[in-house]
J.: 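I have a structure I would like to understand better, so I am pasting it below and will then ask my questions one at a time.
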Amino acid sequence: MTRTIAVVGSGFAAWGAVRALAWDDDLCIHIFDVGLTGATSDWAHRTVHNAKKCDGSFYSYGINDPDFPTQLESQRLCSSHALGGHSNVYSGAMLYPKNHDLCDWPQASWPRVEDYTAVLSSLAVLHEPDSLDAVFPVIPEAATVGETPRSGTVSVVGLSRIATSRSAVDSAQDAAIRPFSLRDEFERWVSAGAVQYTGGCYVTRVTSREGRVELSYTVGGVPGAATFDAVFLGAGCVNTTAIVDRSLNQSGTRHYSIQSPLLAMHAFFRFPGRANPAVQIRRRNDVPELFLELRSPGTGDSWSHTQLTAINEQIVEAICARVPRLLHPLVRQSRHLVYFALSLQASHGHELARLQSTVESDGTRQKVSIEELPCGPVPQLVRDVRRAVLRHWRTLRMLPIPYSGRLVDFFRGNRLGGWHFGGTLPMREQPSLPTECWPTGEIQGLAGVYVLDSSAFPSIPASTAALLTMANGHRVASCWKSRLVPEDC
Ligand SMILES: Cc1cc2nc3c(=O)[nH]c(=O)nc-3n(C[C@H](O)[C@H](O)[C@H](O)COP(=O)(O)OP(=O)(O)OC[C@H]3O[C@@H](n4cnc5c(N)ncnc54)[C@H](O)[C@@H]3O)c2cc1C
């Protein structure tokens, strides 16, 4: 018996799910996606300093096309990684969390080693066999993700792990590397007939009815609907929450808490030294250069994640725009002497922002706004990272720059700093609200509807978000497939 399933979105979460489901003759997969391939005329085309610029694809982050029945009031939190579109701003940095970093996730919801393996073996990861490998091998084993944390302080440093397009890394020695492209992957599946793809399609609602799920959408302002055996939502945290809220409620206003890791941005002075080819590739391509992983009582005994990166071309331009012309040569010369550190620490239950969704009384229009909450400094994290950097003096040769946090704040446009958020529709052992998910990803109030993206994460660990999102998408979809009754398949 052939099952028909819908996947909403063509981002990282959707990629993980399609990776688990494609090429199965008993499944008919249909992707519904906004499919933006460029900024629309009413959008600001802005640079994002801590992102990788690729093919000039910098747009503001809000799906706010007047053709769509949802109005999103946020310029930043709603990253759109549509096929051929915004996914290219992703800088490709990736590292998985250990299971104890997901201590407030139900155990059954932890991505399995086979999920990480399936995802990582499909990517070409730029990495080096250095000391990071001893604690975080590129492809993890059960003992790696399931390690028992010991108390005390442990830190490990190594060159960054960057997901790239496979063809690019093969000839990477001095060529430009291209971050892993979702566009290439989805286009391959579509052209091979493994999936059907409808772009320019805005999903508005899902309705569960007698074991089937109806998906409502608009294409070019024209409403449409189709029915499926299961629907997988991977529209990104804010968009997925908007769809679920609208599906569960005819009208009125609701609030959802958005969670994020604690974040600190600071800077170091690095004494010049010879850069080996592996470092040069990262520098030439403006991707994060070093990863520093640190676990200490100050980080709550979870692994914190720090990316150390020389000032990239976008930041040089941003600084030059703010200082007198006279200083521009100095700024350019100091490019490889000043390193920015972006440090993240898992914060179980830390509320970064609040999402408010209002559906109008006739049920046609929805307004989603994001209230960003004050986010205080994280002095303990900064102190611990600085100490760790000094401990790794022989590798790093870096000294902390005093008051650099204020300096970074002055130059960066993105106040929140990071792009890792979720937690609006959390997975629970035993969900108590219609908007909570089972460990399978199924939404309590919407039978047959599964959340793939970070909205279902009970907390957001410090490790990079895209890999965890892909692995979760893979887990939710492959576990769904394994539960199908064999004779029905
Ligand atoms: C500038 C930038 C740099 C980043 N760098 C990194 C990094 O180096 N490492 C890392 O791990 N993470 C990084 N991230 C974070 C990472 O990109 C996100 O965690 C990831 O994109 C989330 O994936 P997702 O599939 O949940 O959502 P998205 O990638 O946002 O995909 C959502 C998809 O859903 C579609 N969609 C949305 N709403 C609808 C709707 N109503 N109907 C139909 N389709 C819809 C969109 O078109 C899109 O295809 C970065 C993010 C940004 C913005």
Side-chain angles (χ1 to χ4, degrees), residues 6-18 31-37 46-54 57-65 68-70 72 76-96 160-163 179-180 182-183 186 197-206 215-219 232-244 246 260 287-288 305 307 309 314 342 344 366 368 414 416-422 451-457 460-470 472-473:
V7 175
V8 179
S10 63
F12 292 98
W15 180 87
V18 176
I31 298 175
F32 294 86
D33 188 25
V34 174
L36 298 170
T37 53
R46 284 202 210 110
T47 300
V48 182
H49 302 316
N50 54 344
K52 168 90 181 84
K53 186 172 181 176
C54 186
S57 52
F58 278 126
Y59 315 123
S60 59
Y61 304 108
I63 296 181
N64 213 355
D65 189 309
F68 300 147
T70 292
L72 282 181
R76 245 176 293 147
L77 278 173
C78 321
S79 68
S80 166
H81 292 246
L83 180 67
H86 296 188
S87 59
N88 291 336
V89 297
Y90 161 70
S91 48
M94 56 166 48
L95 199 72
Y96 48 83
S160 60
R161 305 259 173 90
I162 306 291
F180 171 66
L182 289 167
R183 172 193 344 193
F186 279 103
Y197 177 84
T198 305
C201 168
Y202 192 87
V203 171
T204 50
R205 193 187 294 275
V206 281
L215 188 86
S216 308
Y217 52 84
T218 69
V219 181
F232 294 90
L233 296 179
C237 170
V238 171
N239 301 304
T240 290
T241 310
I243 295 170
V244 169
R246 199 184 164 104
S260 166
V287 291
H305 172 69
Q307 293 176 12
T309 314
Q314 288 114 242
L342 184 121
L344 294 161
Q366 177 185 29
V368 175
N414 169 20
L416 291 174
W419 311 104
H420 302 189
F421 52 86
V451 175
L452 304 170
D453 57 55
S454 65
S455 44
F457 295 180
I460 317 294
S463 57
T464 60
L467 176 56
L468 182 58
T469 303
M470 288 191 256
N472 185 60

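As a basis for the values below, the full set of heavy atoms in this structure was taken, side chains included, without hydrogen atoms, waters or symmetry mates. Note that the structure is a prediction, hence the values are computed from the model and not measured. Every number for a ligand or one of its atoms is a count from 1 in the order of the listing.
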J.: What is the minimum heavy-atom distance between A13 and G234, and which atoms define it?
T.: CB-CA, 4.3 Å
J.: Using atom types as modelled and distance alone, determine if a side-chain donor or acceptor of S260 lies under 3.5 Å from a backbone N or O of H420.
T.: yes
J.: Taking 4.0 Å as the limit for heavy-atom contacts, which would you say applies to T204 with ligand 1: side chain only, backbone only, both, or neither?
T.: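 The answer is neither.
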J.: Give the atoms of ligand 1, by number and element, whose distance to some non-hydrogen atom of G11 is under 4.0 Å.
T.: 25 (O), 29 (O), 31 (O), 33 (C), 49 (O)
J.: Taking side chain to side chain contact (heavy atoms under 4.5 Å, CB included) as the criterion, tell me which of L468, T464, I162 meets it with M94.
T.: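 Only one of L468, T464, I162 forms a side chain to side chain contact (heavy atoms under 4.5 Å, CB included) with M94, namely T464.
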J.: Hey, which atoms in ligand 1 end up nearer than 4.0 Å to a heavy atom of G92?
T.: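 Matching atoms, with element in brackets: 8 (O).
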J.: Quick one: closest heavy-atom pair of T309 and P288, and the distance?
T.: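 The answer is OG1-CA, 3.4 Å.
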J.: Of V8, D33, V34, which has the heavy atom at the shortest distance from atom 35 (C) of ligand 1?
T.: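 Heavy atom nearest to atom 35 (C) of ligand 1 belongs to D33.
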J.: Just which atoms of ligand 1 are under 4.0 Å from any heavy atom in A465?
T.: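 Taking each heavy atom of A465 in turn, ligand 1 has 10 (C), 11 (O), 19 (O) under 4.0 Å.
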J.: Locate the shortest heavy-atom distance separating L233 from D453; write the atom from each residue and the value.
T.: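 Reported closest heavy-atom pair: O-OD2, 3.6 Å.
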J.: Considering both backbone and side-chain atoms of C237, is one of its nitrogen or oxygen atoms within less than 3.5 Å of a nitrogen or oxygen in ligand 1?
T.: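 Checking ligand 1 against C237, no N or O pair falls under 3.5 Å apart.
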J.: Are the side chains of V18 and F186 in contact, using a 4.5 Å heavy-atom criterion?
T.: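 Of all side-chain heavy-atom pairs linking V18 with F186, at least one is under 4.5 Å.
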J.: If I apply the N/O under 3.5 Å rule, does S454 come out as touching ligand 1?
T.: no
J.: At their closest point, which heavy atom of A235 faces which heavy atom of I243, and how far apart are they?
T.: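 Closest approach of A235 to I243: CB-CD1, 4.2 Å.
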J.: So for ligand 1, is I243 a polar contact partner (N or O within less than 3.5 Å, distance only)?
T.: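 Checking ligand 1 against I243, no N or O pair falls under 3.5 Å apart.
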J.: Which atoms from ligand 1 have a heavy atom of T469 less than 4.0 Å away?
T.: 23 (O), 26 (O)
J.: Does N239 reach the side chain of V34, with side-chain heavy atoms less than 4.5 Å apart?
T.: no
J.: Need the ligand 1 atom indices (1-based, order shown) with element for anything under 4.0 Å from a heavy-atom of G236.
T.: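 With G236 as reference, the close atoms of ligand 1 come out as 26 (O), 27 (O), 32 (C).
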J.: Considering V203, N239, L95, which one's heavy-atom position lies nearest to atom 38 (N) of ligand 1?
T.: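 Residue with the shortest heavy-atom distance to the ligand atom: N239.
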J.: Check each atom of ligand 1 against the heavy atoms of D453 and keep those under 4.0 Å away; list them by number with element.
T.: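 Counting from 1, the qualifying ligand atoms are 26 (O).
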J.: What atoms of ligand 1 come closer than 4.0 angstrom to any heavy atom of C201?
T.: 42 (N), 43 (C)
J.: Show the atoms of ligand 1 that are less than 4.0 angstrom away from any heavy atom in G234.
T.: 32 (C), 33 (C), 34 (O)
J.: What residues form a side chain to side chain contact (heavy atoms under 4.5 Å, CB included) with A462, not counting sequence neighbours?
T.: H305, L344
J.: Examine G9 against ligand 1 and note whether any of their N/O atoms are separated by less than 3.5 Å.
T.: no
J.: Within a strict 4.5 Å, meaning less than it, do heavy atoms of the F12 and L182 side chains meet?
T.: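 Yes - at least one pair of side-chain heavy atoms lies under 4.5 Å apart.
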